[in-house]
Amino acid sequence: MSVLHALVYLSVLIFVVACFARGLKIARTPMHLRWELQPVPHEKPGKSMFEQVNWWEHSRDKNHFGELGIMIPEILLLKGVWEHNRGLWFPSWALHFGLYLLIGNMALILLLTILLLAGTAQSGVLVNVLVGLIRTLSFIGGGLGVIGAVLMFFKRTFDKNMSKYATPSHYFNIILLGAIFASTVLWAFADHGYISRVTGLYAGVLTASPIPAFTTTGYLNVAVVLLFFIYLPFTHMTHFFTKYFTYHTIRWEDQPNTKGSKIEQNIVKNVTQPVSWASPHIGADGKKNWVDLAGGTGEVKQDKKEEA
Amino acid sequence: MACQFCGVQPASVKDISKGDDPIAKIDPKDLMPLPAPYDGPEYTPDIAELKDETKKTYGKSSTLDGVLAAGIPQPETKEEEAELVDKFLDGLHKLFTKEDNWTFLQPLMLSMEHCARCQTCVENCPVYEASGFNEVYRPTYRAEILRRLYHQHVKPGNKWFKTFQNNGIELNYTLISRLYELSYRCTLCRRCAQSCPVGVDNGLITREIRKLFSQQLGWAPKELHEKGTVQQLLVGSSTGMNSVVVKDNIEFIDEDMTERLGWEVKTPWDVKGADVLLIENAGEFLAWPENHGCTAALLDKAGISWTMSSEIAGYDGVNYGLFYDDVQLARVASRHFAIAKELGVKKIVMGECGHEHKALATIGDRVGVDLPPRESILTLVRDIVKSGALKLDPSKNDFAVTLHDPCNTVRNLGIVEPQREVLRMIAPKFREMTPHGIHNYCCGGGSGFAIMSGFNFNDWRNLVSGRKKFAQILNAFADEDLNTDETKKYVCAPCSNCKGAIRDMLDFYGAKEKSGIHYGGLVELVVNAMVDAAEPVLDWDMM
């Protein structure tokens with residue numbers, strides 16, 4: 001096993017474990033108070049449960065296709081940015097969509113690698129289609145991403161709304177993504193053995209067998225991709241999966257508290273926790289729990305000596 | 001302090017910790033223009049200057065934007081300032097623990113850690129837009145301050161990496177006193193959150209900042225705390241009315257309504273086993289008594305078995321804890337639930353009060369177990385009107401009507417259609433505002449602003465936070481003559497706090513006298529259209 005093998009395994013492991021840990025940390029936070037925000041798409045438009053008299057007596061037919069109707073245009077087309085920040089839309093869409101294409105390309109490379117490892121003839125139709133697709137997606141995805149990264153860099157730098165709130169990491173993220181996109185395009189363009197080398201890389205990683213040597217651009221591409229794998233779980237870019245929580249467990253979480261439900265159990269768990277807020281009107285001492293405090297009024301009686 | 005190159009104020013987020021002068025200034029010339037005939041400079045005066053004595057007393061907290069909503073007396077010594085900073089920091093840690101903040105830990109953490117700083121949300125903020133895009137009111141400005149403090153002081157990790165990702169900020173007394181004041185420049189309408197592609201919620205962040213100040217330092221506007229939740233839990237109502245006074249008032253309202261309608265209207269009290277416990281915002285009984293009178297008349301006419309409660313807090317649906325303090329929120333909501341259980345009613349019907357809807361129907365849904373069901377008066381009125389139990393003549397409402405959507409009712413609960421169905425049946429000249437429904441604009445009085453009037457905050461509310469709504473109202477009546485009060489225009493605002501804000505706004509601009517723009521609730525319009533009412537309920541001279 002080479003150093004490259006070790007780096008690939010390590011970076012993928014860090015990516016998976018760190019993302020999982022982040023997701024787990026969020027998922028394990030206590031059930032919060034309801035904080036839904038319209039539109040809640042699993043309710044049909046104009047059909048909020050609260051619009052019915054005796055709403056609790058009616059069965060709730062959640063329309064989960066409605067959720068997809070929001071999520072798909074949001075993820076693929078960045079609909080929110082289109083509607084509310086038109087000037088940012090193309091740079092952001094190009095950057096995101098370029099990345100989607102390259103991720104899709106990784107799946108195709110994996111598929112091709114598995115086919116080749118399984119002994120599929122290199123001259124077969126399926127293999128040829130995949131080779132063509134991979135090459136095309138490398139150009140289109142990488143090219144679109146480069147355009148997006150360059151435009152995003154300019155937006156971050158010169159847009160007065162964004163530049164004031166930019167941090168060094170924003171520039172670094174764009175440069176890192178730009179490097180991934182650019183090196184992908186360059187590698188695919190300049191190296192006639194691009195397909196055999198990337199499938200060789202995947203095969204080497206999958207079977208712990210030797211990885212073929214790359215061109216300099218190839219090594220650069222692999223290096224920036226691996227760096228991205230290691231870096232991403234520790235950044236706000238994890239919104240690619242934490243968005244699940246902001247939408248499904250907050251904005252669209254409208255499950256009523258009914259007798260005997262899991263929600264009821266969680267409430268009991270929550271309100272029996274100790275409170276330590278320091279303001280006198282709370283009356284907390286680090287031991288009393290939320291139930292103990294619920295009977296209070298918030299009145300703070302003045303010390304009589306002080307008054308005198 | 002304004003940037004020396006572009007004039008934008010403040011120049012950066014870091015300015016919150018610096019200097020002794022206000023970091024932002026509201027110049028009337030910068031404010032969003034109003035539509036004609038309110039587009040002259042006389043309709044956009046300067047905000048009253050704070051008195052020197054006030055500035056001296058409130059020190060650093062008065063140096064945000066020259067406006068004071070809450071204010072905190074300036075500590076006398078540097079040591080006291082340092083103590084407060086330490087206490088704030090302690091509270092900041094508690095804000096991110098499951099014991100002290102299980103209520104909102106998950107949404108807060110997600111909003112702290114995933115903002116892309118893309119600023120997609122900012123132009124959806126009516127305060128930011130109406131102010132002429134004053135930097136200090138940008139919805140991400142205050143969120144960014146808390147985010148930097150969180151990463152710097154709470155989140156574990158390498159200091160260099162955290163600064164690389166989030167920049168830093170100096171934590172001192174200047175910052176906390178201004179941040180406290182700044183947390184009362186957002187109406188918590190959550191329009192910004194609706195537009196965030198990632199799901200970050202700056203409204204929530206603002207509320208969490210308020211909460212930290214209240215629950216840790218005991219800092220909260222007196223209108224919300226001492227005169228709000230505390231008075232409600234001690235005396236019975238944030239209006240100060242105890243049960244004897246409120247019963248007297250309601251008796252008077254019932255008598256007046258009986259006289260005007262020609263049939264007996266009587267409010268039942270403490271009826272065990274009634275179907276409905278009606279809880280309204282008690283502010284209605286003093287400021288808009290006809291709202292209760294009309295609600296009572298409709299419930300009677302529909303033959304509904306209902307009651308009100310004279311228990312402490314049982315006759316006042318407000319819950320200002322929603323705006324600043326989870327413990328106070330839970331205390332008030334728990335009282336409401338306990339009273340309903342004690343009476344053995346089948347459901348609580350929430351009166352025309354937006355934040356009551358949110359506090360009881362959704363937020364309050366997880367502060368206890370085995371809770372009584374809650375329902376909106378808007379849906380009940382819609383069903384009463386549609387049932388045919390009332391004889392209605394829409395021509396009695398033959399004047400221009402537009403509808404204001406209270407944020408809490410529409411954006412949180414999604415109650416959009418019932419009130420429209422009613423208006424389409426009883427108001428032939430009904431027209432929508434643009435935008436409306438779940439994309440509405442706040443009245444400017446949200447999150448407690450409608451009842452906060454200390455120092456020069458009224459000016460700010462009318463000129464800045466309510467400006468977008470005033471423009472919407474004018475635009476909704478653009479096809480009417482706005483230069484006369486002869487043609488009557490009615491803003492239907494089914495929410496007490498919204499009505500309060502709209503009342504002040506119309507007074508401020510003289511829109512009632514100049515343009516004949518009046519305001520009121522939904523039930524008043526329904527009863528006004530009733531064929532068998534002896535007299536019209538709407539009295540334009542009294543409105």
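The analysis underlying the following values was restricted to heavy atoms, covering all of them including side chains, and did not include hydrogens, waters or symmetry mates.
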Of the backbone (N, CA, C, O) and the side chain (C-beta and beyond), which part of [X] lies under 4.5 Å from a heavy atom of chain A, both, or neither?
X	value
B/Leu378	neither
B/Leu413	both
B/Leu329	side chain
B/Glu99	both
B/Arg207	side chain
B/His225	side chain
B/Asp370	both
B/Asp90	neither
B/Arg374	backbone
B/Val410	backbone
B/Leu371	side chain
B/Ser111	neither
B/Arg382	side chain
B/Val13	side chain

Using heavy-atom distances under 4.5 Å, tell me whether [X] contacts chain B through its side chain, its backbone, both, or neither.
X	value
A/Ile267	side chain
A/Trp35	both
A/Asn266	neither
A/Tyr231	side chain
A/Ser92	neither
A/Met237	neither
A/Ala166	backbone
A/Glu36	both
A/Thr249	both
A/Phe50	both
A/Leu88	side chain
A/Pro256	both
A/Ile26	both

Is the side chain of [X] donor-acceptor paired with the backbone N or O of [Y] at a distance under 3.5 Å, no angle test?
X	Y	answer
B/Asp405	B/Asn440	no
A/Lys155	A/Pro91	no
B/Arg335	B/Ile312	yes
A/Asp159	A/Arg156	no
A/His58	A/Trp55	no
A/Gln255	A/Ile263	no
A/Asp285	A/Lys288	yes

Do the charged groups of [X] and [Y] touch, with an N to O distance under 4.0 Å?
X	Y	value
B/Asp326	B/Lys211	yes
A/Asp254	A/Arg60	yes
B/Asp275	B/Lys347	no
B/Glu144	B/Arg148	yes
A/Glu83	A/Lys79	yes

Based on non-hydrogen pairs under 4.5 Å, which of [options] is most in contact with chain B?
options	result
A/Gln52, A/Lys259, A/His236	A/His236
A/Thr246, A/Thr297, A/Ile75	A/Thr297
A/Arg28, A/Glu253, A/Met49	A/Glu253
A/Gly80, A/Pro168, A/Gly260	A/Pro168
A/Asn54, A/Thr167, A/Asn289	A/Thr167
A/Thr29, A/Leu293, A/Val268, A/Val53	A/Val53

Strictly by modelled atom types, are [X] and [Y] linked by a side-chain donor-acceptor pair under 3.5 Å?
X	Y	value
B/Ser195	B/Asn124	yes
B/His357	B/Thr409	no
B/Gln216	B/Lys94	yes
B/Arg331	B/Gln328	yes

Looking at the rings of [X] and [Y], which for Trp means the six-membered one, are their centres under 6.0 Å apart?
X	Y	value
B/Trp102	A/Trp290	yes
A/Phe234	B/Phe161	no
B/Tyr141	B/Tyr128	no

Hey, which of [options] has the most heavy atom pairs under 4.5 Å with chain A?
options	value
B/Gly218, B/Ala338, B/Ala193, B/Ala330	B/Ala193
B/Pro373, B/Gly364, B/Gly91, B/Ser376	B/Pro373
B/Leu105, B/Asn101, B/Leu234	B/Leu234
B/Asn166, B/Thr362, B/Leu212	B/Thr362
B/Gln106, B/Arg117, B/Gln215	B/Gln215
B/Ala333, B/Cys121, B/Gly437, B/Cys196	B/Cys196

Report summary line: B/Asp100 meets the salt bridge (charged side-chain N to carboxylate O under 4.0 Å, His left out) criterion, sequence neighbours left out, with none
Report task. Please test B/Glu113 against A/Arg22 for salt bridge (Lys or Arg N to Asp or Glu O under 4.0 Å), starting from the C-alpha separation and ending with a verdict. Result -> CA-CA 11 Å; B/Glu113 297 191 1; A/Arg22 195 177 183 110; 3.3 Å; yes
